[in-house]
K.L.:
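Please find one structure pasted underneath; my questions will follow.
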Amino acid sequence: MNGHIPRAEPDPRPPHHRSDPGPGATPEDAVTAVRRADDASASPPRLTDPLRHPQHAGEGTRARRAWTLLLSTLVVPGSAQLVAGRRATGRAALKVDVVVWGALVLALVSLLLWRTPLIWFLTNSVTSLVLIAVLLGLALGWALLFFDTLRLIRPGLLAQRTRRAVAAATVALMLVTSGGLAYSAYLLSVTRGAVSDVFGGGLPFRPADGRYNILLMGTDSGEDRSGRRPDSMTVLSVDADSGRTVTISLPRNLQNAPFPEDSPLAEVYPEGFNCGDECILNALYTDVTNNHAELYPDAADPGAEAMKDAASGVLGIEVQAYAIVEMNGFEQLVDALGGITIDVGGRVPIGGGTDMVTGLPNEIFGYIEPGVQHLDGYHALWYARSREGATDYDRQARQRCVQAAMLKQLNPVNVLARFQDLAESGTQVVETDIPQSQIGSFVDVALKAKEHELVQFAAGPPYYDPSFPTYPDYDRLHEDLARVLEEATDRGARDAEALPRGAAVGPGVAMAVPIPAALPRVPAEELTPNGTCSVP
């Protein structure tokens, strides 16, 4: 026999201490191959655990093991590593799991009970950047865990058919998990850029008498225009508690607009903006921009600040912020929404009007026909701005329809589906002084507003006589608007429901906007078919 034969060591005990084993017994110093059954330290390791040693398992067991490890990585990242023997990696991943689930639970509680801090965290420039980095880190870490799980599965031990299925499933799960996290980080990055480009800095403002009042202006600074003038002006008044919303249209030809006492324009125009026929409301923007910009030294847009002051004086409420939509970019915004749907009351020309340079009639290129129409950006823009064969009040009524249709289209599903396009177009066409820190409270109240119908009102026809913009009674307007805004609260709505039914409906019935029962009827001009519309 080859190899070294061990020699037995001699017994160091004296001979008289050695016992005679007797016949048939094995001497104590003899070498034996018998091992006691309880000698566990001398037993060879068992290699039959299929999770750690799949090479000793059957084909079916290996397949079940592969799918189990893969699904474990999907449901509880790190658990596959933990059970397969890579304890350090598994424990580190499970710690991350606990932190992530804790953050998700906290976010869910905030979403259900108090959304403002959550939205602030998502839109703040610093915290959103941190969250983007965290999402990308989680995406990379989850992808690495899937790769490690595939290594632990040992595809070479699987049948060819199972191997292909496991590989395909791994790729698909990585796209869903890591890809989803990476795409979320991208959307958050787009949001962060849009918020920084559109919204201003500064501290949030509080509601005035329980309401947020925002002046929305649509401006048209085309080549045929001298300077920038708001073509449409609407104050959006939202009850901070209930979200009930009233839109108040301001005629562009409104005269003698007063200013609040604390406005710098109150000294320039102590009797209101009444410098003659040219001093209609929408001319104030250009006048202040060109002649009185020094009155608003800290304003990014003095003309817009002046329009806020004028809207406050006209309506008798505090207008806290403005937002400007450039009509030349409005088309992109509507297209990003996927178009808007309007029930058109009368034929509206595309084109027409008079050329401001030559004085000649402009060509009419077509018509927006009556009936329910889904308008793209081009046709929605013309529907809002067309003057041919229409009064200013017809045009304002159409603009209110467009606003209502856009608000209706801004539902969560549509926003998510078209998020990138909306964000990119918004940065090109929207200017505002609303601070970035205000977004959280505004989103919260906007979600409440979706639960209520939009109430519409105007400082002119069809709610007042056609002469009202030229000879306005601002005290009466303030009283009437106060009643409208009172009904646009939960308490006011309950009180209105308690009043006798059969209240009169104003001439704007085509807009489906009843004049509240508490509001006195005034003689009003009927809209022509050109201005009648509704949002289906």
Side-chain angles (χ1 to χ4, degrees), residues 208 211-220 228-239 243-254 257 280-282 284-285 301 303-327 330 333-334 340 342 380-381 383-385 391-410 429-434 442 445-446 449 452-464 468-469 472 477 480-481 484-485 488 506 508 511-513 515 527 531 533-535:
R211 305 191 73 87
Y212 292 112
N213 302 309
I214 314 298
L215 174 62
L216 307 179
M217 293 179 282
T219 63
D220 197 349
R228 190 188 211 186
R229 283 194 178 196
D231 262 7
S232 65
M233 292 157 287
T234 302
V235 172
L236 192 70
S237 181
V238 187
D239 181 57
R244 294 179 182 271
T245 304
V246 178
T247 63
I248 310 144
S249 296
L250 300 176
R252 69 186 185 93
N253 61 334
L254 193 64
I280 57 177
L281 181 59
N282 77 332
L284 178 66
Y285 187 102
D301 189 338
E305 290 294 329
M307 295 301 295
K308 278 170 50 180
D309 285 353
S312 298
V314 166
L315 300 178
I317 60 177
E318 180 185 347
V319 177
Q320 302 126 311
Y322 70 85
I324 298 176
V325 177
E326 177 59 55
M327 298 304 288
F330 175 79
L333 189 59
V334 174
I340 56 176
I342 292 177
L381 177 59
Y383 189 73
R385 77 192 303 187
T391 66
D392 273 349
Y393 311 115
D394 290 330
R395 191 163 173 262
Q396 291 167 18
R398 284 189 266 112
Q399 289 169 356
R400 290 195 293 269
C401 267
V402 170
Q403 292 167 0
M406 291 184 70
L407 290 173
K408 186 174 183 179
Q409 286 287 93
L410 284 172
V429 302
V430 179
E431 300 174 21
T432 183
D433 65 343
I434 297 174
F442 272 18
V445 78
H452 307 287
E453 291 186 7
L454 189 68
V455 177
Q456 297 179 350
F457 188 60
Y463 299 90
Y464 292 94
F468 187 90
L477 176 61
D480 293 345
L481 180 60
V484 174
L485 296 183
M511 292 286 296
V513 184
I515 292 181
L527 296 173
C533 56
S534 62
V535 179

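All figures in this text were calculated on a predicted structure; none of them were measured in a lab.
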K.L.:
Return yes if a side-chain donor-acceptor contact under 3.5 Å exists between Asp480 and Tyr463, otherwise no.
P.N.:
no
K.L.:
Closest heavy-atom contact between Gln320 and Ala208?
P.N.:
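So the minimum-distance heavy-atom pair works out to NE2-N, 3.1 Å.
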K.L.:
What distance separates Met233 CE from Leu284 CG, expressed to the nearest 0.5 Å?
P.N.:
9.5 Å
K.L.:
Looking only at heavy atoms, which two atoms of Ala405 and Ile340 are closest? And how far apart?
P.N.:
CB-CB, 3.9 Å
K.L.:
Which donor-acceptor pairs under 3.5 Å do side chains of residues 245-253 form with protein atoms, sequence neighbours excluded?
P.N.:
from   : atom 1 : to     : atom 2 : distance (Å)
Thr245 : OG1    : Gly243 : O      : 2.9
Ser249 : OG     : Arg400 : NH1    : 3.2

K.L.:
State which residues pass side chain to side chain donor-acceptor pair (under 3.5 Å) with Ser237; sequence neighbours excluded, sorted by chain then number.
P.N.:
Arg211, Asn213
K.L.:
Can you name the closest pair of heavy atoms from Pro230 and Asn282 and give their distance?
P.N.:
O-CB, 3.1 Å
K.L.:
Roughly how far, to the nearest 0.5 Å, is the OH atom of Tyr285 from the CD1 atom of Ile324?
P.N.:
4.5 Å
K.L.:
Passes side chain to side chain contact (heavy atoms under 4.5 Å, CB included), Met307 versus Leu281? Steps please.
P.N.:
CA-CA 8 Å; Met307 295 301 295; Leu281 181 59; 4.1 Å; yes
K.L.:
Quick one: side chain to side chain donor-acceptor pair (under 3.5 Å) partners of Thr234, sequence neighbours excluded?
P.N.:
Gln403
K.L.:
Going by the rule side chain to side chain donor-acceptor pair (under 3.5 Å), which residues pair with Glu305 if we only count those two or more places apart in sequence or in a different chain?
P.N.:
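With neighbours one apart ignored, the set is Lys308.
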K.L.:
Could you give the distance from SG (Cys401) to OH (Tyr383), rounded to the nearest 0.5 Å?
P.N.:
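Going from SG on Cys401 over to OH on Tyr383, the span is 5.5 Å.
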K.L.:
What residues form a side chain to side chain contact (heavy atoms under 4.5 Å, CB included) with Leu216, not counting sequence neighbours?
P.N.:
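If we apply the side chain to side chain contact (heavy atoms under 4.5 Å, CB included) test to Leu216, skipping adjacent residues, the hits are Ile214, Leu236, Ala323.
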K.L.:
Which heavy atom in Ala488 sits nearest to a heavy atom in Asp239, and how many Å separate them?
P.N.:
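Reported closest heavy-atom pair: O-CB, 3.6 Å.
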K.L.:
Please give me the minimum heavy-atom distance between Ala459 and Leu477, naming the atom from each residue.
P.N.:
CB-CD2, 3.9 Å
K.L.:
Which heavy atom in Thr432 sits nearest to a heavy atom in Tyr322, and how many Å separate them?
P.N.:
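Taking every non-hydrogen atom into account, OG1-O, 2.6 Å.
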